[in-house]
Amino acid sequence: MKLNIKNKVKIYPLKKVKTKGGDIFKIIDKNSKGFIGFSETYFSWINYGKIKAWKYHTKMTMNLVVPLGKVKFLFFDPKTKKFLKIIIGKNNYKRIRVKPGLWFGFKGMSKPKSLILNFSNYKFNKKEILRKKKEDINLKW
């Protein structure tokens, strides 16, 4: 059976609430589409032009949000050799839900750096993640 990237990756629009004291950027609640539970949340910075690739989760479903800056995410299906590119950030405020079973990487697209939030259903465990070097998957970023 061939992997269908679009079955593994889903994009959800997020709400920004304008206020006089500063905007509110909503992320997720228990009634949000695609919500499948919570186990761990963490932030990760990525510097402009830096690429972090490649990772493959065997159990974790990620919910990725970029509240500061802009990040290009790439998802790769090794069976079909197809890629899916999604760019999100403060000005394209969305949540990407990524089910386990895809190779992915990302690149910082804003100076000086961008902030990524991962809201996941599975606590990080180095035994459930596979890694490759950036050069192992031939792609022009």
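The basis for the numbers below is simple: all heavy atoms, side chains too, and nothing from hydrogens, waters or symmetry mates. The structure presented is a predicted model; accordingly, all values stated were derived computationally and were not measured.
- Among residue pairs with one or both ends in residues 14-30, those qualifying as salt bridge (Lys or Arg N to Asp or Glu O under 4.0 Å) are Lys18-Asp23; sequence neighbours excluded.
- Here side-chain hydrogen bond (donor to acceptor under 3.5 Å, both in side chains) pairs that include residues 53-65, with residues two or more places apart or in two chains, are His57-Glu128, Asn63-Arg95.
- Looking at heavy atoms from C-beta onward, Thr19 lies in side-chain contact with Val17 at the 4.5 angstrom threshold.
- Atoms CZ and CD1, on Phe104 and Ile96 in that order, are 10.5 Å from each other to the nearest 0.5 Å.
- Lys94 approaches Leu14 most closely through the heavy-atom pair C-CD1, 3.5 Å.
- In the hydrophobic clustering of this structure, Ile87 does not group with Leu115; members are Ile, Leu, Val, Met, Phe, Trp, Tyr whose side-chain heavy atoms approach within less than 4.5 Å, directly or through other members.
- Side-chain contact between Ser44 and Lys52: present, with at least one pair of heavy atoms (C-beta onward) separated by less than 4.5 Å.
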- Task: Check the pair Glu40, Phe124 against side chain to side chain contact (heavy atoms under 4.5 Å, CB included), reporting the backbone distance first and the verdict last.
- Result: CA-CA 8 Å; Glu40 181 175 60; Phe124 178 82; 3.3 Å; yes
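- How far OH of Tyr48 is from CD1 of Ile46: 12.0 Å, rounded to the nearest 0.5 Å.
- Taking the side chain as every heavy atom from C-beta outward, Lys123 and Ser39 approach each other to under 4.5 Å.
- Proximity of Phe75 to Lys8: side-chain heavy atoms (C-beta onward) are nowhere separated by under 4.5 Å.
- Using a distance-only test at 3.5 Å, with no hydrogens or angles considered, a donor-acceptor pair links the side chain of Ser114 to the main chain of Lys70.
- Pairs passing the ring pair (Phe, Tyr, Trp, His ring centres under 6.0 Å) check and including a residue from residues 12-38, sequence neighbours excluded, read Phe25-Tyr93, Phe38-Phe119.
- Not counting sequence neighbours, the partners of Asn118 by the side-chain hydrogen bond (donor to acceptor under 3.5 Å, both in side chains) test are Tyr42.
- Screening Phe83, Trp103, Phe106 for a ring-ring contact (aromatic ring centres under 6.0 Å, His included) involving Phe76 leaves a single residue, Phe83.
- Side-chain contact check for Val65 versus Ile116: every heavy-atom pair is 4.5 Å or farther apart.
- Taking Lys85 as the reference, nothing meets the salt bridge (Lys or Arg N to Asp or Glu O under 4.0 Å) condition, with sequence neighbours excluded.
- When all heavy atoms of Ala53 and Gly105 are compared, the pair lying nearest together is CB-CA, 3.8 Å.
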Donor-acceptor pairs under 3.5 Å, side chain of residues 130-141 to any protein atom, not counting sequence neighbours: which ones?
from   : atom 1 : to     : atom 2 : distance (Å)
Asp136 : OD2    : Lys133 : N      : 3.0

- Query: Stepwise, does the side chain to side chain contact (heavy atoms under 4.5 Å, CB included) test hold for Ile86 with Val9?
  - Reply: CA-CA 10 Å; Ile86 302 171; Val9 178; 3.6 Å; yes
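- Note: the hydrophobic cluster containing Met62 also contains Val66 (ILVMFWY, side chain heavy atoms under 4.5 Å, direct or indirect links).
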- Task: Tell me, with the steps shown, if Val71 and Met109 meet side chain to side chain contact (heavy atoms under 4.5 Å, CB included).
- Result: CA-CA 5 Å; Val71 176; Met109 304 294 288; 5.6 Å; no
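- Within the 4.5 Å cutoff, no side-chain heavy atoms of Leu117 are placed close to those of Leu64.
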